[in-house]
Amino acid sequence: MQGIDVEFQDLNLSNLDQTQIHISGQIQPHGVVLILKEPELEILQVSNNSYKELGKTPESLLGKKLEELLDSFQVETIKPGLSDENLDYINPTKFWVRRNGDDYVVFDGVFHRNPDGFLILELEPAISQENIPFLSFYHLARVSINQLQETSNLQEFCQVIVTEVRKVTGFDRVMLYKFEEDNHGTVIAEEKEEDMEPYLGLHYPASDIPKPARKLFSSNYIRIIPDAKTQPAELFPLQNPIIDRPVDLTFSVLRSASPCHLQYLENMGVSASLTISLIKDGKLWGLIACHHRSPKYVSYELRKACEFLGRVIFAEISSREETEDYDHRMRLTYIRSILIEYMSEEEKFVDGLVKHEPNLLDLTNATGAAICFGGNWTVVGKTPEREDLNFLVQWLQKNVEQEVFATDSLPSIYSDAQRYKDVASGLLAIPISQRNFVLWFRPEVIQTVNWGGDPSKAFEKSHSEGILKLSPRKSFELWKETVRLKSLPWKQVEIKAALELRKAIVNIVLRQADELAQLARDLERSNAELKKFAYVASHDLQEPLNQVANYVQLLEMRYEEAIDEDGKEFINYAVEGVSLMQTLIDDVLAYSKVDVQGIEFELTEVEKSLEKALGNLRNRIIETKAEITHDPLPIVMADGTQLMQLFQNLIGNAIKFRSEEPPKIHVGTKRIEDEWLFWVEDNGIGIDPQFSDRIFVIFQRLHTREEYPGTGMGLAICKKIVECHRGRIWVESELDRGSTFYFTIPVGRRERIINGRKGQNNPFG
Ligand code: ADP
């Protein structure tokens, strides 16, 4: 409801919601109320209209026993019934009361015990002298129920109810109100005298039935006001003499309506009303409201028949509502199970939600959906722009704590959304974790709501005798409101489906995290094993190896004379084998030492690392007359020593695998989006492209040691270094055409700031 003056609404709500109509002591004057003390049935209080209705003044009845009024014969017949907890068995009892001489009046006597524990007897003038037998009750209801079973939808069904209730009771107008989520009511069925203005389809603000009245409607299934215009009678004395305060009349039939409600009826032109409560799961679902332009009395029996009708009929309404819900729910459950299957089949679970039919949109009948996972957005259907989505998620992170959040008017709580109301006036969101969300969207649907009178003026303020009073509006004329910035509401079943999906996603994410953790553990273990092996190799193997080398050399020295040329050659082979083994061990050790944990990331000037590598290769460069050039090199986030090792291996290979020509080697670089690309280009012997992956595997070589010395570990170490820096390495080459080795290093956040600060003209610092 829009446009209500908040200050006014506060005044209205607090005033109306605090009225304690059930303890006002006021009763409708067409009957008499007696408050009795058990077991002697002493009259403690009586309504002050007793003289008019019963011919006895309140004073003459107080402190007396009930026999004083009803004679002992009638009292004795009801006494056994009063010992029962459930007083419905004796309700109503016909009582004859002698007013004057032989002038007897017949009353319907209705008993109940109130929350204070007092027995309350309410006498209403009996319209018929006989109780309606159960069978006529049953027939009354059966005709209606038969008709109801033939109707197909809820709307038609409600229409039959109001027609039947009107037929049975004869009220001028019978309406069926349904309460919406925000407690405002809508007339969904109406049957009325032809000359009366229709109320069908009209909405009534929640304040028309304030909280206390709502509570009373929930505790009493039926409520009658036969004449809204009469002055109420009052209990005498007003304070109950035993509890020293007014008694609770919550369950009283004759309890007077609040002055405000009476005024409301009067403004609507209603003199008599009968209301049947429709209660579902302890909550007031709706009301059947019967209005009459002139005073109208409905007997207790007929009222009970209506109540019965209301309850039976409503059980049917509930089950129909549930069936409609049930079908929808079953469909959504089916869609959810398919989505779960898709998610587990896809490598990235997010793909399972959007790639196939049905998809995320079908789960909640949305027109757009977006998944934010691991900092990436995946969208389907119509959604706001990525940037807007990022801001929206930030807003949700700050404002939403629950497992599911749904609104049919996002722009009214998050003003940014006004710009994209056409795609996202409705939002349903489930957080998967602090930063990951699934969002569904619905567009704005402009609607016209017909109100029974301007809802912003549901009550009027007036000053009378210096007191600020609230009285209901005088005009109930059609008041049209155009509702904007709202989508169709999310149904409970859809919200539940979203929640269920959340559970499934959380399970999948947790399972994947578990698998990753297991992989990481496996990797750690194999790394640890490798390190252990390398350690053993370097220490434990080194010793026997040295021993072999030493003894072979000793053999050569000591028995030089005795060993012939062949023997000397064999000894040489043995010595070479030992030294090769030592190099292999050293290389394996170097390989095992490269791991992510060991990397010290810092801002590294690539040029410095390159210079160090060239320094280490100086002799070979001079020997081979290699010519080495490089582009201006950037500052990157890396481990400088490893970067040096990387260049040393690549340039070392470029020299080693040179062609006839003196080596010409160039180190190049280029920034591509969020990565630095480096390359080492040579004019050497080149590589057959079919081996371009194999050469990066440990111990893999393309030549014999006689042709080119080496262990086949160099490029494996390069690959490990690059991957520990979260980059990639590959080669582009052809035989006899030289080779270019490429590798990338991602741009780090800190380095982005540094390179940025140094100016755009010189991105290399
Ligand atoms: P090693 O140099 O010890 O043989 P690497 O792992 O460094 O081991 O290299 C593996 C193989 O890749 C080499 O044996 C060689 O065949 C080939 N290779 C590496 N770099 C080059 C290059 N610049 N030009 C030609 N071939 C190369």
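One-based numbering, in listed order, for ligands and for the atoms of each. No hydrogens, no waters, no symmetry mates; every other heavy atom, side chains included, goes into these values.
For Glu346 and His356, the side-chain atoms include at least one donor-acceptor pair closer than 3.5 Å. Using a 3.5 Å distance cut-off with no hydrogens or angles, the side chains of Gln518 and Asp522 do pair a donor with an acceptor. For the residue pair Glu569/Tyr573, the side-chain donor-acceptor check at 3.5 Å is satisfied. With hydrogens and angles left out, the side-chain atoms of Glu576 and Ser579 include no donor and acceptor closer than 3.5 Å.
Less than 4.0 angstrom separates some heavy atom of Leu702 from each of these atoms of ligand 1: 14 (O), 16 (O). Each of the atoms 16 (O) of ligand 1 lies under 4.0 Å from some heavy atom of His703. Shown in contact with Gly686 at under 4.0 Å from a heavy atom are these atoms of ligand 1, numbered in order with element: 25 (C). For ligand 1, the atoms closer than 4.0 angstrom to any heavy atom of Ala654 are 23 (N). The atoms of ligand 1 that sit less than 4.0 Å from any heavy atom of Lys656 are 1 (P), 2 (O), 3 (O).
Closest to atom 26 (N) of ligand 1, if we only count protein heavy atoms, is Ile687 CG1, 3.3 Å. Atom 4 (O) of ligand 1 has its closest protein heavy atom at Arg701 NE, 2.8 Å. Protein heavy atom closest to atom 15 (C) of ligand 1, with residue, atom name and distance, is Phe657 CZ, 3.3 Å. Among protein heavy atoms, the minimum distance from atom 19 (C) of ligand 1 is reached at Asn653 ND2, 3.5 Å. If you check which protein heavy atom lies closest to atom 23 (N) of ligand 1, you get Asp682 OD2, 2.9 Å. In this structure, atom 12 (O) of ligand 1 lies nearest to the protein heavy atom Ile695 CG2, 3.3 Å.
For atom 8 (O) of ligand 1, the choice among Cys718, Ser733, Gly712, Ala716 with the nearest heavy atom turns out to be Gly712. In this structure, of Gly710, Ser739, Pro663, the residue bringing a heavy atom nearest to atom 24 (N) of ligand 1 is Ser739.
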With a 3.5 Å cut-off and sequence neighbours excluded, list the donor-acceptor pairs that the side chains of residues 413-428 form with protein atoms.
residue: Arg419; atom: NH2; partner: Asp388; partner atom: OD1; Å: 3.0
residue: Lys421; atom: NZ; partner: Glu444; partner atom: OE1; Å: 3.3
residue: Ser425; atom: OG; partner: Lys421; partner atom: O; Å: 3.0

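Using cut-offs of 30° and 60° for the angle between ring planes, the Phe696 and Phe741 rings count as perpendicular. Classification of the Phe678-Phe743 ring pair by plane angle, with boundaries at 30° and 60°, yields parallel.
Annotation: side chain of Glu607 is in contact with side chain of His630 (closest heavy-atom distance under 4.5 Å). Within the 4.5 Å cutoff, the side chain of Val722 has no heavy atoms near those of the Trp730 side chain. By the 4.5 Å heavy-atom criterion applied to side chains, Phe657 and Ile687 are not counted as neighbours.
Residue Gln700 has no N or O atom closer than 3.5 Å to an N or O atom of ligand 1. Inclusion of Leu715 in the set of residues having an N or O under 3.5 Å from an N or O of ligand 1 is warranted.
Taken from OG1 in Thr711 to CD1 in Ile717, the straight-line distance is 7.0 Å, to the nearest 0.5 Å.
Under 4.0 angstrom from ligand 1, there are no non-hydrogen atoms of Asn649. Under 4.0 Å from ligand 1, the heavy atoms of Phe741 that appear belong solely to its side chain.
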